[in-house]
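In what follows, every chain begins at residue 1, and chains take the letters A, B, ... in the order their sequences are listed. In what follows, every heavy atom counts, from backbone to side chain, and hydrogens, waters and symmetry copies are set aside.
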4 protein chains.
Amino acid sequence: MSPAETTTTPPAAVPPAASARGRIDKRRAILAAATKVFAREGYAQASVDMIAAEAGVAKPTIYNHLGGKENLFRAVMEEAARDSSEKVQAALRSFPADPGDLRADLVAVAMRLVDCMIGEDAWALQRLLYAEAGHFPGLYESVLVTGADRTADALAGRLARLANAGHLEIADPVRAAAHFQALIGSEIPSLTALGSRPIDASTLERAVAAGVDTFLRAFRPSR
Amino acid sequence: MSPAETTTTPPAAVPPAASARGRIDKRRAILAAATKVFAREGYAQASVDMIAAEAGVAKPTIYNHLGGKENLFRAVMEEAARDSSEKVQAALRSFPADPGDLRADLVAVAMRLVDCMIGEDAWALQRLLYAEAGHFPGLYESVLVTGADRTADALAGRLARLANAGHLEIADPVRAAAHFQALIGSEIPSLTALGSRPIDASTLERAVAAGVDTFLRAFRPSR
Amino acid sequence: MSPAETTTTPPAAVPPAASARGRIDKRRAILAAATKVFAREGYAQASVDMIAAEAGVAKPTIYNHLGGKENLFRAVMEEAARDSSEKVQAALRSFPADPGDLRADLVAVAMRLVDCMIGEDAWALQRLLYAEAGHFPGLYESVLVTGADRTADALAGRLARLANAGHLEIADPVRAAAHFQALIGSEIPSLTALGSRPIDASTLERAVAAGVDTFLRAFRPSR
Amino acid sequence: MSPAETTTTPPAAVPPAASARGRIDKRRAILAAATKVFAREGYAQASVDMIAAEAGVAKPTIYNHLGGKENLFRAVMEEAARDSSEKVQAALRSFPADPGDLRADLVAVAMRLVDCMIGEDAWALQRLLYAEAGHFPGLYESVLVTGADRTADALAGRLARLANAGHLEIADPVRAAAHFQALIGSEIPSLTALGSRPIDASTLERAVAAGVDTFLRAFRPSR
DNA sequence: AATGAATGAGCCTTCATTCAT
DNA sequence: TATGAATGAAGGCTCATTCAT
């Protein structure tokens with residue numbers, strides 16, 4: 001073996017790699033398959049058989065790795081929340097600190113946020129969360145913490161900066177953030193039929209821009 | 001038998017009338033039971049057995065009246081949408097045409113609206129809709145038509161009236177209605193943990209009032 | 001159909017009778033099949049599938065009638081204990097009150113008792129009891145009460161009568177009954193290989209007679 | 001590797017011996033664990049997983065050493081039969097050749113025998129034998145040969161000696177041995193509820209003594 | 001020699017649905 | 001009309017067993 005070859009993946013022959021990575025790959029394959037199947041079918045309707053078939057593993061392998069349907073579901077939800085949150089955070093990083101054209105910049109970041117919310121994955125997360133929050137104690141909280149809370153915090157921080165710089169007039173940044181999100185997303189459910197229908201891009205952009213406009217009319221400095 | 005004799009049990013002496021009423025009563029009992037069970041368990045997890053037990057009827061009776069689980073679910077959803085919509089319409093009827101204190105009046109009607117949205121029934125409807133919209137073609141639309149659309153229309157109309165009377169400055173009443181709803185409800189999901197937690201009344205009122213305030217800052221006439 | 005034909009079963013046409021009796025018949029068929037399968041396979045190895053197939057019913061029917069494997073097993077054991085006990089009681093009714101030839105009479109009744117103990121059913125009951133007494137709390141007691149206890153009581157009573165009549169000399173009839181049973185059955189396990197082998201009749205009779213002889217040598221009046 | 005490198009792991013310096021011992025130790029551990037688990041759960045209910053966990057080895061190790069569940073069970077039964085038989089033989093070695101007080105000596109040896117029969121191990125052996133004799137061809141015979149047969153032989157020999165010495169009057173020593181065993185053990189099943197209940201020592205002793213008394217009344221020389 | 005990982009088969013149970021009454 | 005009874009089809013989970021290391 002060459003000394004600096006790989007630090008994360010054992011190289012060598014294919015079989016050992018297949019075995020060492022294989023374990024992780026199988027776990028990943030199971031989680032991916034479960035995400036897909038749960039998203040499509042819902043928790044109760046999804047069967048471990050489907051997931052195993054989709055993942056290309058035998059059923060007991062799922063139990064070995066993740067111990068039962070409920071656990072598997074929680075793992076899927078946590079992963080989905082993490083992934084979704086990361087996308088949102090990335091979108092928020094494009095938030096203007098010192099905007100050139102405030103409206104245009106806000107619309108741009110709003111579009112990025114909304115893009116995060118209308119993806120298949122995000123809708124699936126939301127649907128499953130709505131559907132199962134009552135059956136899985138703590139599920140909502142755990143998803144909230146890794147997801148919406150961090151989003152709200154980050155967004156509030158960005159808005160506060162804009163306010164400090166005199167671009168906005170904001171008394172309560174956390175609430176303003178909530179209102180911002182509510183306004184730019186206010187038409188998403190009806191436009192996408194709760195994620196069950198594709199959406200027209202320009203219609204979406206108009207709706208988002210309208211939300212930003214209302215936000216600006218409410219929070220732009222009076223003079 | 002005296003007319004008021006039995007309210008719960010159909011008297012045996014009046015078979016035709018009793019049958020006619022009994023039939024309707026049974027249907028009602030089934031729908032009520034199904035609503036309760038679907039709300040608690042979700043569609044897939046709910047079993048026809050549970051519903052039959054809850055309704056106090058035999059299982060085939062459900063099939064006679066409503067023909068299968070899927071149909072039963074659709075019936076439940078339509079009824080729930082109708083009920084919910086009626087409550088909302090009632091709440092909107094208290095909307096001020098010529099307000100004394102605009103903010104106070106808007107907060108009052110907003111609270112009535114929000115009260116409609118945080119009831120057990122409304123949450124159940126929303127959860128089931130989110131969860132099953134993808135599995136029941138047309139479900140979202142049918143609920144939308146009897147529910148949210150009418151709400152939006154009515155609300156838009158009321159806002160337009162206020163605008164015409166010079167109390168608000170609104171270019172697109174439909175959008176303004178959407179924004180109003182979004183703002184006053186923006187904190188409901190997090191405050192109620194998607195309906196799985198009771199909510200503190202004063203906290204809720206503050207959040208609603210904040211939504212109204214933002215709305216007013218955006219839509220109050222500039223001078 | 002003759003008027004007094006059935007008091008327990010509705011007579012009428014064949015279908016209603018088939019239905020009314022059908023229910024009981026199915027329950028009986030299930031119990032009979034379960035008895036057979038449990039006897040052959042043991043509790044854990046037996047599957048509800050096998051029992052359903054053997055009974056000629058669908059699997060859920062078993063759950064409707066007897067609610068699960070464990071309950072089914074208890075029902076089977078209780079029935080087997082009842083049946084077995086009745087056979088033993090019948091055998092004991094031939095016990096001589098005033099014997100002509102005491103030895104011959106005792107051997108005769110001993111053979112009848114032993115016949116009860118070497119039947120397939122009795123062995124199955126015993127095997128299952130030995131195997132599962134530890135897993136089913138109260139199982140041993142419930143079987144004991146309907147089975148061995150009644151046997152011991154009845155046998156003790158018969159022996160006491162013989163003693164009172166001067167044919168035997170017995171201080172403690174209950175113990176004497178236990179000793180009688182132990183002696184006449186002492187070679188059954190080895191002769192039948194715990195019920196897994198048929199047994200030669202004359203060999204058995206010799207062993208039983210030997211047990212009776214030892215009993216008589218111990219309990220015949222000294223003079 | 002430096003010599004003192006590992007303290008918890010068998011030292012690397014003595015591989016062959018350590019291996020040889022380790023191998024035997026593993027086999028012993030597996031057999032001990034299997035004995036425990038089979039005794040507790042029964043054959044079918046016991047899982048190889050449980051046994052592996054109890055033994056502290058990986059599952060395939062069991063297959064390497066003993067080749068499958070069935071073989072493992074046979075090995076366990078043979079070992080148990082051997083152990084049990086040895087205990088019984090030891091107990092019989094205390095049999096009086098020329099007794100001082102015949103009754104007292106017989107009661108003493110009977111108690112030793114009975115102690116062998118009420119131990120956890122002996123009950124487990126008996127339960128498993130009853131339960132599985134029908135499923136494992138030859139199992140009963142193999143256990144019999146190493147167990148009950150040797151016991152009967154030895155006991156018959158001891159009784160014959162006593163008879164020769166004039167202390168007993170025995171025509172067929174083998175049968176007398178069987179009767180002795182039957183009498184002293186006649187109350188064990190009911191007193192211990194088939195091994196599932198601890199037993200009161202003095203009650204047991206009375207029952208055993210009663211068995212001996214009956215035996216003596218039957219086999220003591222008439223004059 | 002010992003093990004982590006994987007699997008095909010099977011089990012107990014429950015479900016939505018339909019007859020026959 | 002309403003029901004007790006029955007069933008084919010799945011579902012979640014576990015087991016004994018075997019590779020590849």
Side-chain angles (χ1 to χ4, degrees), chain A residues 13 15-16 18-20 22-23 26-27 30 44-52 56-65 67-70 72, chain B residues 15-16 18-20 22-23 26-27 30 44-52 56-65 67-70 72, chain C residues 10 12-13 15-20 22-23 26-27 44-52 56-65 67-70 72, chain D residues 15 18-20 22-23 26-27 30 44-52 56-65 67-72:
Chain A
S19 178
R23 175 127 178 88
K26 279 226 157 102
R27 201 193 143 96
I30 291 170
Q45 203 83 318
S47 85
V48 179
D49 272 308
M50 290 183 208
I51 296 172
V57 302
K59 226 189 318 182
T61 305
I62 294 184
Y63 287 84
N64 286 344
H65 279 261
K69 197 186 182 185
E70 185 170 326
L72 177 54
Chain B
S19 263
R23 183 152 168 74
K26 281 236 154 87
R27 199 193 144 93
I30 291 170
Q45 203 85 323
S47 87
V48 179
D49 270 311
M50 291 182 208
I51 296 172
V57 302
K59 234 187 312 182
T61 305
I62 294 182
Y63 286 82
N64 288 343
H65 279 260
K69 194 185 184 186
E70 185 171 326
L72 176 54
Chain C
S19 178
R23 173 126 179 91
K26 265 200 175 129
R27 198 194 145 94
Q45 203 82 320
S47 85
V48 179
D49 271 308
M50 290 182 207
I51 296 172
V57 301
K59 229 189 315 183
T61 304
I62 295 183
Y63 287 83
N64 288 343
H65 279 263
K69 196 185 182 186
E70 185 170 328
L72 178 55
Chain D
S19 264
R23 179 145 172 78
K26 282 238 155 83
R27 199 193 143 93
I30 291 170
Q45 202 85 322
S47 87
V48 179
D49 270 310
M50 291 183 208
I51 297 172
V57 303
K59 235 188 312 183
T61 305
I62 295 183
Y63 286 82
N64 288 343
H65 278 260
K69 195 185 184 186
E70 184 171 327
N71 250 310
L72 176 54

Q: For A:T61, report the nucleic acid contact type (base, sugar-phosphate, nothing); a contact means any heavy atom under 4.0 Å.
A: base
Q) More 5' along DNA chain F: A:A46 or D:Q45, using each one's nearest nucleotide? A) A:A46
Q. Within the modelled atom types, does a donor on one side and an acceptor on the other bring the side chain of B:N64 and the base of F:dA2 under 3.5 Å apart?
A. yes
Q.
Could you measure the distance from the NZ atom of A:K26 to the CG atom of A:N64? Nearest 0.5 Å is fine.
A. 11.0 Å
(Q) From CD of B:E70 over to C1' of E:dA16, roughly how many Å is that when rounded to an integer? (A) 12 Å
Q) Does the base of F:dT1 carry an N or O that pairs as donor and acceptor with the side chain of B:K26 under 3.5 Å? A) no
Q) What's the CD1-P distance between B:I51 and E:dT17, to the nearest Å? A) 11 Å
Q. To the nearest Å, how far apart are D:N71 CG and F:dT18 P?
A. 12 Å
Q. Picking from F:dG11, E:dC15, E:dT7, which would you name as closest to the side chain of B:D49?
A. E:dC15
**Q.** Nucleotide nearest A:K59 (side chain, heavy atoms from C-beta), chosen from E:dG10, F:dT17, F:dT7
**A.** E:dG10
Q.
Which nucleotide wins on minimum distance to the side chain of B:V48, given the candidates F:dC15, F:dT7, E:dA16?
A. E:dA16
**Q.** Contact under 4.0 Å: C:H65 side-chain N or O vs F:dA6 OP1/OP2
**A.** yes
Q | Separation of A:I51 CD1 from A:L72 CG (nearest 0.5 Å) | A | 5.0 Å
Q: Measure from CD1 on B:I62 to P on F:dG4 and round the result to the nearest Å.
A: 13 Å
**Q.** Earlier contact from the 5' end, DNA chain E, for B:M50 and A:G56
**A.** A:G56
Q | Reported CG-to-CD1 distance for the pair D:N71 and D:I62, which is rounded to 0.5 angstrom | A | 12.5 Å
Q) In terms of side-chain heavy atoms of C:V57, which of F:dG12, F:dA16, F:dT7 is nearest? A) F:dT7
(Q) What stems show up for DNA chain E when you take Watson-Crick pairs (N1-N3 plus N6-O4 or O6-N4) and G-U wobbles (N1-O2, O6-N3), both under 3.5 Å, and require three or more consecutive pairs? (A) E:2-21 with F:2-21
Q) Nearest heavy-atom pair of A:Q45 and A:M50: which atoms, and what distance? A) O-CE, 3.6 Å
(Q) Quick check for you: among E:dT13, E:dG4, F:dT7, whose closest atom lies nearest to any side-chain atom of C:P60? (A) F:dT7
Q.
Quick check on DNA chain F: between A:K69 and D:K69, whose nearest nucleotide comes earlier from the 5' end?
A. A:K69
